[in-house]
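Working notes for the structure below.
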Amino acid sequence: LVAVALSALAATMVARWIGREVSALTDTARRMAAGDLAVRTSVEGSDDVAELGAALDHLATSLSSAMADLRAERDLVSGILDGMQEGVLLLGAAGQVQLMNPTLRDMLMVSNDIVGRSFIDAVRQAPLLDLLDAARNTQKPRSGEIELGGLRPRRLLVRAAPLARARGALLVVFVDVTDLRRLESMRRDFVANVSHELRTPVTAVLSATETLGAGAIREPEAAAKFIDIIERNTKRLRSLIDDLLDLSRIEAKEWKLAPERVDTLLALQHVVSIVRERAERQRVEVSIDVDPAVHSVVTDRRALDQILVNLTENVVKYCP
């Protein structure tokens, strides 16, 4: 009976000790599960309970390192998305916004609380929604340009690609091509205008040359008139070519003004000689009236010519 009593007492003490150790391990495991990966079991010994504690400590260390790596990767991706000039949108299978970088929020003029909401409710742009539906239904990448109205009209190039991990999920990239399309339009208009401006003097020179070749060269008075036409239009061609070269230098940021003292009367006479023929055709009279107090100016001669020729030609074209 004494042996049985002593054995029961010893077993009870061992069970209580093991229970306390297991309870401590259980509490540590709960804290780890709650996110506190800095906690440790601090169990000493070489029995099974101590090995379990060491395993939990090792698990916490590994999880802490993995979480640090994940946070660093998340911060890197977030920094990349925040610094991109392109807009990035991630849509879930149900069409809810899972990610939208600041650039896209600025493009679409939406608030920061759009994440988790339906994209259709936040952005009501039919062409954009049609493109997203086409990519989702066909499960193939789709791209196109859309016009956004409102306070800041924009033209966006949109590419939507399905994600393999979840059917219906989309990754959408937006590129603002507003300035690019405007420059392309300006370039087309510029080429058309230059072609028109070049055609006029070339036609005049060709016509005068043909007339001289047909026999007008033997008539001194007529020949002098046609030679004057050729000279004036040749100068006009040279001026247009110089303008093109100046434009090239401006685009290359190499164009600089060259100020000099310019005689005002001579500068105006040169401008009138350029527009005289068109003015005569339009029955517009161009006269020069120079204030004696401004007989000369310090300016870039060619830049002044460009400004005055542009103004005078517009007057001849559009004024009675």
Side-chain angles (χ1 to χ4, degrees), residues 152-155 177-212 221-320:
R152 290 191 309 171
R154 316 295 292 170
R155 187 172 185 86
V177 294
T178 306
D179 294 336
L180 178 62
R181 295 295 178 257
R182 186 177 70 250
L183 290 175
E184 289 177 352
S185 176
M186 291 173 61
R187 188 176 295 275
R188 285 194 300 269
D189 294 342
F190 172 76
V191 171
N193 291 334
V194 168
S195 300
H196 175 73
E197 294 295 331
L198 289 173
R199 187 181 295 112
T200 301
V202 168
T203 302
V205 170
L206 181 60
S207 176
T209 304
E210 290 176 348
T211 304
L212 288 172
E221 185 177 346
K225 178 181 178 182
F226 287 114
I227 290 174
D228 179 64
I229 292 175
I230 293 174
E231 181 182 6
R232 283 189 287 106
N233 284 279
T234 303
K235 290 180 179 179
R236 176 60 175 156
L237 282 173
R238 184 177 64 184
S239 176
L240 289 171
I241 293 172
D242 289 340
D243 290 346
L244 292 175
L245 293 175
D246 283 345
L247 180 61
S248 177
R249 294 190 188 101
I250 290 172
E251 289 184 340
K253 298 183 179 180
E254 297 176 354
W255 190 77
K256 296 181 180 179
L257 292 172
E260 59 179 311
R261 178 73 54 183
V262 178
D263 186 288
T264 311
L265 179 60
L266 293 180
L268 293 174
Q269 288 175 341
H270 173 68
V271 171
V272 171
S273 68
I274 293 175
V275 302
R276 180 186 297 120
E277 185 177 351
R278 176 174 291 175
E280 291 175 351
R281 290 199 306 268
Q282 297 292 110
R283 297 182 181 180
V284 174
E285 181 183 351
V286 182
S287 60
I288 299 175
D289 182 12
V290 179
D291 187 338
V294 204
H295 59 86
S296 66
V297 291
V298 177
T299 182
D300 184 293
R301 182 186 300 273
R302 293 198 58 253
L304 180 64
D305 284 347
Q306 290 172 342
I307 294 172
L308 295 178
V309 168
N310 184 49
L311 290 172
T312 313
E313 285 187 336
N314 284 338
V315 170
V316 170
K317 287 180 182 178
Y318 304 115
C319 291

Separation of Asn233 CG from Leu206 CG (nearest 0.5 Å): 11.0 Å
Once you round to the nearest 0.5 Å, how far does CZ of Arg249 lie from CD of Glu254?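 Atom-to-atom, Arg249:CZ and Glu254:CD are 8.5 Å apart.
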Atom CD of Glu260: over 12 foreign heavy atoms under 6.0 Å: yes
Within a radius of less than 6.0 Å around CZ of Arg283, do more than 12 heavy atoms belonging to other residues, nucleotides or ligands occur? no
With [X], which residues qualify under side chain to side chain contact (heavy atoms under 4.5 Å, CB included), at least two apart?
| X | value |
| --- | --- |
| Ser207 | Thr211 |
| Leu237 | Leu198, Pro201, Val202 |
| Thr203 | Arg199 |

Who passes salt bridge (Lys or Arg N to Asp or Glu O under 4.0 Å) against Glu231, sequence neighbours left out?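 With sequence neighbours excluded, Glu231 shows a salt bridge (Lys or Arg N to Asp or Glu O under 4.0 Å) to Lys235, given in chain and number order.
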Taking salt bridge (Lys or Arg N to Asp or Glu O under 4.0 Å) as the test, write out the residues that go with Asp263, two or more places apart.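 Asp263 satisfies salt bridge (Lys or Arg N to Asp or Glu O under 4.0 Å) with no residue once adjacent residues are dropped.
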Using side-chain hydrogen bond (donor to acceptor under 3.5 Å, both in side chains) as the criterion, list what pairs up with [X], not counting sequence neighbours.
| X | value |
| --- | --- |
| Gln282 | none |
| Arg238 | none |
| Thr178 | Asp176 |

Tell me which donor-acceptor pairs under 3.5 Å the side chains of residues 186-193 have, and how far apart each pair is, sequence neighbours excluded?
| residue | atom | partner | partner atom | Å |
| --- | --- | --- | --- | --- |
| Asn193 | ND2 | Asp189 | O | 3.1 |

Go through the steps for Thr234 and Val205 under the test side-chain contact (heavy atoms from CB on, under 4.5 Å), then give the verdict. CA-CA 7 Å; Thr234 303; Val205 170; 4.2 Å; yes
What pairs of donor and acceptor atoms, side-chain ones from residues 264-278 against any protein atom, are under 3.5 angstrom apart with sequence neighbours left out?
| residue | atom | partner | partner atom | Å |
| --- | --- | --- | --- | --- |
| Thr264 | OG1 | Val294 | O | 2.8 |
| Thr264 | OG1 | His295 | O | 3.2 |
| Thr264 | OG1 | Ser296 | N | 3.3 |
| Ser273 | OG | His270 | O | 2.5 |

What pairs of donor and acceptor atoms, side-chain ones from residues 300-320 against any protein atom, are under 3.5 angstrom apart with sequence neighbours left out?
| residue | atom | partner | partner atom | Å |
| --- | --- | --- | --- | --- |
| Asp300 | OD1 | Arg302 | N | 3.1 |
| Asp300 | OD1 | Ala303 | N | 2.9 |
| Asp300 | OD2 | Ala258 | N | 2.7 |
| Arg302 | NH1 | Asp246 | OD1 | 3.4 |
| Arg302 | NH1 | Asp246 | OD2 | 2.3 |
| Arg302 | NH2 | Asp243 | OD1 | 3.4 |
| Arg302 | NH2 | Asp246 | OD2 | 3.3 |
| Gln306 | NE2 | Asp243 | OD1 | 2.7 |
| Gln306 | NE2 | Asp246 | OD2 | 3.4 |
| Thr312 | OG1 | Leu308 | O | 2.6 |
| Glu313 | OE2 | Arg236 | NH2 | 3.0 |
| Asn314 | ND2 | Asn310 | O | 3.3 |

Closest heavy-atom pair and its distance - Ile229, Ala208: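 Heavy atoms of Ile229 and Ala208 come nearest at CG2-CB, 4.3 Å.
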